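Read the structure below first, then the notes.
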Amino acid sequence: MPEFKNIKQDLEKEFLLKNLNEEQKQAVIHEGTPLLILAGAGSGKTRVITTKIAWLISLKGIRPENILAVTFTNKAAREMAARAASLNPAASGAVIKTFHSFGAKFLRRYASAAGISPNFSIYDDDDSAALLRQAEPGLSAPQVPSVMRKIERAKNYCLEYDSPDLALMEPDPDFVSVYRRYTERLRNSGNVDFGDLIHLPIKILRENPGIRDEIHRRFSVVLVDEYQDSNAAQFELLKELVGPETYLCVVGDDDQSIYSFRGAEVSNILSFTESFPGAEIIRLEKNYRSTPEILRVASEIVSNNGGRLGKTLYTECAPGKKPVLAFLTTQEVEAEFCAQLIKQAFDKGHPYRDWAVLYRTNAQSMSFETEFLKMKIPYTVVGSLKFYEREEVKLSISMLSFILNRRDEVSFFKILKKTVAGVGATTCAKIQAEFENLNSREDSSGAADVSSPDYLDAAGNVIPKLKKAGQNLSSFVSAVKECVSVLDEASAETETAKDESSAASSGRSLSVFVSMVLEKSGLYSFYRSQAEGSGSSRALNLEMLSNAAALYPFSLQGLLDFLEHIRLDREMAVDKSEEDAGVSDRVTLITLHNTKGLEFKRVVITGLEEGLFPREDKTGDDLEEERRLMYVGCTRAMKRLYFTCCSARWMYGSFRPSLPSRFLYEIPPDGVKVLGSPPPSFAAFYGNAAAEEPGRGSAGTFPGAAPVSELARRWKKGVTVFHDDYGYGIITEAFFSGGKPAEQEYVILVRFESGGEKKFMPEYQGHSLLIVKD
DNA sequence: GACAGTGAAATTTTT
DNA sequence: TTTCACTGTC
């Protein structure tokens with residue numbers, strides 16, 4: 001019945017493509033060459049990628065399990081999976097994962113190729129830092145994070161301690177040996193760090209053509225979302241995953257790259273067509289989210305960045321109101337201002353959930369919380385104090401990790417120091433020495449395996465030499481041993497149960513085990529005995545942790561999965577109960593970084609002051625990243641956008657005057673409505689298009705700043721200049737320098753044709769710098 | 001090994 | 001201002 005099949009396909013085609021615009025359709029049906037979809041903010045990126053998955057399955061005959069889609073966050077992965085499945089239920093068979101969870105899965109499967117045990121658990125950043133401290137006792141506390149960052153960076157660049165190129169990244173010769181000892185110690189612990197989840201799979205794929213071919217046969221389609229956030233190592237992994245027959249499609253927006261401090265390489269997206277020859281680019285420039293007024297401001301600001309692939313967003317959304325820029329006095333007034341806005345809108349029928357208040361640093365959330373509490377405005381703070389970052393929870397997780405892997409030194413010492421009375425640095429050092437002693441006697445042929453002596457063995461040998469600590473340590477060791485054997489037994493039972501009939505699960509969930517561990521290890525009683533107030537909430541958190549384990553079976557594999565889930569997806573579980581407990585109509589308080597991928601009808605971007613946003617130490621590429629952050633913030637807004645700027649701010653215990661963010665100077669004067677009293681310099685720059693009704697809280701005045709309107713008018717962005725020494729150039733930025741208000745200078749940044757960039761103060765350097773063309 | 005006192009530092013953070 | 005890590009004492 002070929003005809004019937006055709007009709008069915010046509011219907012399916014119609015169904016999938018009906019709601020897409022021309023570019024989106026092109027992106028969905030594209031095949032053959034590698035494809036970069038440059039998706040502007042709000043351009044329907046997720047719709048395209050999920051439709052593409054459905055399309056490949058139902059119209060291209062690709063089997064779901066041959067499709068690999070990677071994202072950066074679990075949230076994005078879940079959303080993608082859900083939306084793809086709603087378009088085509090078969091899509092649930094596709095592999096949709098984060099880079100790291102894909103790496104973890106790959107690594108468990110091919111562990112032996114990397115010489116590690118498949119039962120590894122994953123060290124988070126804190127654990128890795130603790131390991132580094134243990135491996136390098138010589139490092140002082142402030143050095144640890146900086147060295148850790150270097151190691152992380154090396155891994156992000158796919159460099160091992162013996163890579164010849166490592167010196168290019170870090171010239172310090174001592175770093176190589178530090179990195180080497182860290183790596184050895186990590187391998188010895190039997191665990192991996194976050195970087196390894198990307199790094200080791202690359203290594204395996206490069207060194208094992210057989211595995212590489214297997215993977216190439218397995219995945220005929222590879223899709224990457226938020227490609228602008230990929231780092232060098234993820235790029236290398238991608239290159240290994242993509243075989244000659246693989247169809248590769250990446251989606252991203254260079255203007256929304258805001259994680260370079262985490263290793264993201266904008267260059268991955270900027271040079272995609274060079275990395276994958278023959279690649280095509282499809283731009284999605286139609287914005288479905290924001291009003292033209294909002295889009296205009298956002299585009300103007302981001303256009304001040306160099307090195308963009310360039311997009312021109314347009315929208316068919318109905319015109320709305322101009323964004324509002326409010327000049328206020330202090331953060332308290334700023335919070336009041338936001339509360340007023342929100343209250344007034346609420347009275348007109350706009351619910352609280354329409355609003356998001358954005359800020360650069362978490363610390364800024366406080367004044368909003370205080371004010372909103374006072375005004376009875378319900379709110380939710382996104383991304384503060386996460387459940388899995390609480391001390392008692394981390395400690396419990398360490399305990400569970402240690403039961404799984406008794407060579408896990410970080411977890412072991414962390415628990416000992418915290419919970420076993422009488423054990424401190426001295427005892428730990430003794431155990432570590434004994435551990436090394438035992439392992440050197442083993443004339444181990446490199447990699448640690450299950451039979452190698454572990455920390456329980458080492459502790460056991462040390463106990464007789466201890467005085468009062470020995471008693472406690474001894475009961476700790478036997479408690480762990482008991483937990484281990486209980487888990488082993490349960491696993492064996494589960495195994496046999498599985499053989500006989502898969503349905504006959506013993507009925508016990510991992511919760512039972514977690515509770516038992518917390519009880520036996522003394523963690524429960526430890527936290528129950530603590531001061532009433534926080535002690536009881538901590539004990540409660542431990543119960544929540546064991547509840548979270550309910551979804552996993554009582555077995556070794558179950559514990560492994562539970563821990564991996566916690567390590568790679570720190571959201572989950574807790575959010576639900578919190579949501580149930582409260583109202584659902586709330587204002588969102590959130591950092592700019594956390595807003596990526598979200599949208600709100602009404603957005604306030606707060607703290608637009610030099611030094612805070614952008615932060616003071618930002619120049620060059622970092623400054624451009626701050627500007628992209630501003631762009632991300634602006635493009636979250638659908639209907640209304642507000643900016644606030646304070647003339648003074650309390651920071652680090654002192655009250656300091658502040659100047660408007662340079663980003664505010666990048667907004668076209670007729671693009672916003674100004675409220676309050678801007679500082680003289682700003683008014684000058686804006687040619688007094690500013691300052692309508694003074695509004696509430698406008699009592700504040702900005703200090704200092706002689707009028708420099710003449711200067712600012714002449715030396716503005718976009719003007720072509722000629723310099724005696726550097727030749728022709730164009731003004732790419734114009735702003736007032738930071739520092740004390742009275743000392744501020746008008747500064748321009750010029751990009752020369754010769755390639756260089758240089759700052760000038762036209763006030764003093766007019767003689768060697770000429771304006772060629774306005 | 002526990003505790004109190006001092007001094008430097010203070011982002012953003014998918015995993 | 002607050003926080004955390006280090007230092008010296010008991």
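Remember, it's a predicted structure, so these values are computed and weren't measured experimentally. Lettering follows sequence order; numbering is per chain, from 1.
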Do you see a donor-acceptor pair shorter than 3.5 Å between the side chains of Y631(A) and D253(A)? no

Roughly how far apart, to the nearest Å, are dT2(C) and dT13(B) at atom P? 22 Å

Counting any heavy atom closer than 4.0 Å, what does D125(A) reach on the DNA or RNA strands: base, sugar-phosphate only, or nothing? base

Going 5' to 3' on DNA chain C, which nucleotide is the first and which the last to come under 4.0 Å of a heavy atom in chain A? dT1(C) to dC6(C)

F102(A) atom CZ is separated from dT14(B) atom P, nearest whole Å, by 22 Å

For S401(A) and D408(A), does a side-chain donor sit closer than 3.5 Å to a side-chain acceptor? no

Identify, between T426(A) and R615(A), the residue whose nearest nucleotide on DNA chain B lies closer to the 5' end. T426(A)

Whole Å only: how far is the OH atom of Y259(A) from the P atom of dT11(B)? 16 Å

Minimum-distance nucleotide to Y652(A) side chain [options: dA10(B), dT14(B), dG1(B)]: dA10(B)

Nearest-Å distance, CG (L629(A)) to P (dT14(B))? 14 Å

Pairing of K414(A) and D126(A) as salt bridge, 4.0 angstrom limit: no

Can you measure N594(A) atom CG to dT12(B) atom C1' for me and round it to whole angstrom units? 9 Å

If you measure from the Lys or Arg side-chain nitrogens to the Asp or Glu carboxylate oxygens, is any gap between R649(A) and E334(A) under 4.0 Å? yes

Side-chain N or O of N362(A) closer than 4.0 Å to phosphate OP1/OP2 of dT11(B): no

Quick check: on DNA chain B, is the nucleotide nearest I258(A) upstream (toward 5') of the one nearest L197(A), or the reverse? Name the residue that is more 5'. I258(A)

In whole angstrom, give the distance that lies between atom CD of E626(A) and atom P of dT13(B). 12 Å

May I ask you to check whether F272(A) and Y227(A) place their ring centres under 6.0 Å from each other? yes

Please give, in whole Å, the distance from dT11(B) C1' to E625(A) CD? 12 Å

Measure from the side chain of T361(A), starting at C-beta and using heavy atoms only, and say which of dT14(B), dT12(B), dG1(B) lies closest. dT12(B)

Which residues pass the side chain to side chain donor-acceptor pair (under 3.5 Å) test with R628(A), not counting sequence neighbours? E625(A)

Think T591(A) has a side-chain N or O under 4.0 angstrom from the OP1 or OP2 of dT11(B)? no

Report all side-chain donor-acceptor pairs from residues 422-431 of chain A shorter than 3.5 Å, counting only partners two or more places apart or in another chain.
none

The side chain of T427(A) is closest to which nucleotide in this list: dT13(B), dT11(B), dG1(B)? dG1(B)

For the side chain of F72(A), starting at C-beta, report the closest nucleotide among dG1(B), dT11(B), dT14(B). dT14(B)

If stacking means aromatic ring centre less than 5.5 angstrom from the base's six-membered ring centre, planes under 30°, is F261(A) stacked on dT12(B)? yes

Look at all strands and tell whether R628(A) reaches a base, only sugar-phosphate, or nothing, counting heavy atoms closer than 4.0 Å. nothing

In whole angstroms, how far is the P atom of dT13(B) from the CZ atom of F99(A)? 21 Å

Between Y359(A) and F368(A), what is the ring plane arrangement, given parallel below 30°, perpendicular above 60°, and tilted in between? parallel

Please state how far atom OH in Y631(A) lies from atom P in dT12(B), giving the value in whole angstrom units. 24 Å

